[in-house]
Amino acid sequence: MEEFSNLLLQNINTVKGIGDKIENHEAYIEDMKEYLPSLNQMIMSLFTAIQESKLCVELNQDFIVQVLNDILYGIENEDSVFLLDVLRYGLLELYEYIGSELQSGGLS
């Protein structure tokens with residue numbers, strides 16, 4: 001699970017960095033596009049860990065799908081306000097919830 005925790009921390013830091021760029025009106029689209037494979041890896045690792053009962057957390061899959069769809073919408077439309085909201089109040093909240101569950105013993 002240490003590898004998963006490290007991956008989660010890397011993703012949190014990347015998303016925070018992209019959010020900071022958006023907030024500071026810096027170029028962010030290329031960073032966001034470069035992050036997409038890591039996002040995909042993180043989500044796949046998350047579902048795999050849950051499926052293999054290595055991670056015991058309750059997740060609303062519809063929420064995750066909506067967050068991913070909103071990220072794509074924000075990128076496609078270059079809507080920085082929308083993208084910043086979904087990164088901070090969707091993706092980061094998801095990551096931070098998983099991190100808190102890991103710290104509180106959500107491991108199997």
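Taken to the nearest 0.5 Å, the OG atom of S5 stands 8.5 Å off from the CD atom of Q103. Atom OH in Y28 sits 8.5 Å away from atom CD1 in I75 (nearest 0.5 Å). Note that CG of L87 is 11.0 Å distant from OG1 of T14, once rounded to the nearest 0.5 Å. Between the CD atom in Q66 and the CD atom in Q61 there is a gap of 14.0 Å [rounded to 0.5 Å]. Taking CG of L94 as the start and CG of L8 as the end, the distance is 8.5 Å to the nearest 0.5 Å.
Cluster partners of V65: none. The rule joins Ile, Leu, Val, Met, Phe, Trp and Tyr whenever side-chain heavy atoms lie under 4.5 Å apart, and it links nothing here. Here F82 is tied into one hydrophobic group with Y73, each link being a pair of ILVMFWY side chains closer than 4.5 Å.
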**Study point:** Derivation of the side-chain contact (heavy atoms from CB on, under 4.5 Å) call for L84 and Y89
**Key:** CA-CA 8 Å; L84 181 60; Y89 305 112; over 6 Å; no
Practice item. Could you give me the CA-CA distance, side-chain angles and deciding distance for N6 and E2, then say whether side-chain contact (heavy atoms from CB on, under 4.5 Å) is met? Key: CA-CA 6 Å; N6 290 337; E2 185 176 333; 3.9 Å; yes
Exercise for review: Walk me through it: do L55 and L46 pass the test side-chain contact (heavy atoms from CB on, under 4.5 Å)?
Suggested key: CA-CA 8 Å; L55 180 63; L46 173 62; 3.6 Å; yes
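At least one side-chain heavy atom of L59 sits less than 4.5 Å from a side-chain heavy atom of I64. Put simply, the side chain of L91 does not reach to within 4.5 Å of the side chain of V86, judged on heavy atoms.
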Which donor-acceptor pairs under 3.5 Å do side chains of residues 15-26 form with protein atoms, sequence neighbours excluded?
residue, atom, partner, partner atom, Å
D20, OD1, R88, NH2, 3.4
K21, NZ, D31, OD2, 2.4
E23, OE1, R88, NH2, 3.4
E23, OE2, R88, NH1, 3.2
N24, ND2, D20, O, 3.0

Quiz: residues 33-45 side-chain donor-acceptor pairs under 3.5 angstrom, not counting sequence neighbours:
residue, atom, partner, partner atom, Å
Y35, OH, N11, OD1, 2.6
Y35, OH, Y95, OH, 2.8
S45, OG, Q41, O, 2.9

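With hydrophobic clusters built from ILVMFWY side chains whose heavy atoms lie under 4.5 angstrom apart, L68 shares a cluster with V57. Tracing side-chain contacts under 4.5 Å through hydrophobic residues (I, L, V, M, F, W, Y), one reaches I12 starting from F47; they form part of the same cluster.
For residues 65-84, no residue pair satisfies the salt bridge (Lys or Arg N to Asp or Glu O under 4.0 Å) rule, not counting sequence neighbours.
Listed by chain and number, the residues in a side chain to side chain donor-acceptor pair (under 3.5 Å) with E52 are K54 (sequence neighbours excluded). Contacts of N60 classified as side chain to side chain contact (heavy atoms under 4.5 Å, CB included), with partners at least two apart in sequence or in another chain: D62, F63.
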